[in-house]
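Okay, so here's the structure we're looking at.
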Protein chains: 2
Amino acid sequence: MNIREFSSRTGISAHTLRYYEKIGLLRHIHRLPNGHRDFTEKDLHWVTFVQRLKDTGMPLEQIHRYADLREMGDTTLAERQRLLEAHARNLRESLRQQQRHLDSLEDKIALYRSAIKRGRFP
Amino acid sequence: MNIREFSSRTGISAHTLRYYEKIGLLRHIHRLPNGHRDFTEKDLHWVTFVQRLKDTGMPLEQIHRYADLREMGDTTLAERQRLLEAHARNLRESLRQQQRHLDSLEDKIALYRSAIKRGRFP
DNA sequence: ACTTGACTTAGAGTCAACTCGAACCCTTAG
DNA sequence: CTAAGGGTTCGAGTTGACTCTAAGTCAAGT
């Protein structure tokens, strides 16, 4: 598929897709004879995974590292697993922290609610 | 307390604290006769709240807006409440999304685990 | 034949949120 | 008296992740 369709399927702008290729997050993108990119389902699958890593706060540089490992073949399976496990641990910790923040915000909102009901600030 | 102690109590660098004052996140910071900032417990409380908003993804500009409302007194209570409630809703949604991402990552890690056990990739 | 529009590249510009540097002022210890 | 160490201001520089521009190619439609 062309960059337009790939862009609309992934929600990533064509500009950003080219940028991702330039910095090495996307590799071996097939080209048509006219030089246009021709993305595959496999590319879609990889990009979806990249988005997941990115959305959970992994910097592009570390995703790049993962892409490197992937490129090196099955001898790096264990290292990729370690990388993902470390990331999952961070994510779990971050979720706990965000939950604490949310609880605390909800407490504050409850204070606002009762302050407004009583017509003044606590 | 001086900027050094305030910095170490909040975990925010002195540089950043001055920056926060410059952009209006910190206001009415008391000064000693020599011009040095003299932070109070109230400042600490406010900064802690600002950190919570920031850590849960609120842009500084919106925190600034909240600071404006706060400055305007009790007539803005309802609006501040709405602002916090909208933020809490976003945060709950983001937590759900992050949890889905985590589940998906854990699935992938499980695949790695079994691939490594079998000595090859799925 | 020409225009339209999707694509290409290299490289510059933007934005949020810091982060740092330079030049300077005060107070206190030796 | 002076040097160290903490503070001050203003403004410039950095970082990560885009985002856009300019100049060009190419294929299809009128």
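We name chains A, B, ... by the order of the sequence lines, and we start the count at 1 in each one. Values in this document were obtained by computation on a predicted structure and should not be read as measured data.
Atom NE2 in B/H36 sits about 17 Å away from atom P in C/dC24, given to the nearest Å. In this structure, the CD atom of B/Q62 is 13 Å from the P atom of C/dA16, given to the nearest Å. Rounded to a whole Å, the CD1 atom of A/I63 is 13 Å from the P atom of D/dG16. Here C/dC20 presents its P atom at 14 Å from NZ of B/K22, a figure rounded to the nearest Å. To the nearest angstrom, P of C/dC25 lies 17 Å from CZ of B/R31. As rounded to whole Å, 12 Å separates atom C1' of D/dT8 from atom CZ of B/F39. When rounded to the nearest whole Å, the span between CD1 of B/I3 and C1' of D/dG5 equals 15 Å. Taking atom CD1 of B/I23 as the reference point, atom P of C/dA16 lies 11 Å away to the nearest angstrom.
In this model, the phosphate group of D/dG6 is not approached by any side-chain N or O of B/R37 to a distance below 4.0 Å at OP1 or OP2. OP1 or OP2 of C/dT27 has not a single side-chain nitrogen or oxygen of B/N34 nearer than 4.0 Å. One finds no side-chain N or O of B/Y20 lying less than 4.0 angstrom from the OP1 or OP2 phosphate oxygen of C/dA17.
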Determine, stepwise, if the pair B/S104 / B/D107 fulfils side chain to side chain donor-acceptor pair (under 3.5 Å).
CA-CA 5 Å; B/S104 176; B/D107 288 352; 5.6 Å; no

Starting from the C-alpha separation in whole Å, work towards a yes-or-no answer on side chain to side chain donor-acceptor pair (under 3.5 Å) for B/T56 and B/H87.
CA-CA 9 Å; B/T56 49; B/H87 185 57; 2.8 Å; yes

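Taking only side-chain atoms of B/L60, from C-beta outward, the nucleotide of D/dG6, D/dC18, C/dC18 with the closest atom is C/dC18. For A/H15, taking side-chain heavy atoms from C-beta onward, the closest of the listed nucleotides C/dA6, D/dT21, D/dA17 is D/dT21.
The side-chain tip of B/R70 points at the ring of B/W46 from less than 6.0 angstrom away and within 45° of straight on.
A pairwise comparison of heavy atoms in A/R80 and A/G73 identifies NH2-O, 3.0 Å as the closest pair.
Base contact: A/R18 has a heavy atom under 4.0 Å from a base atom.
Taking 4.0 Å as the cut-off between side-chain N and carboxylate O, A/E85 and B/K108 do not count as a salt-bridged pair.
Annotation: of the two residues near DNA chain D, A/P59 and B/N2, the 5′-most nearest-nucleotide partner is B/N2.
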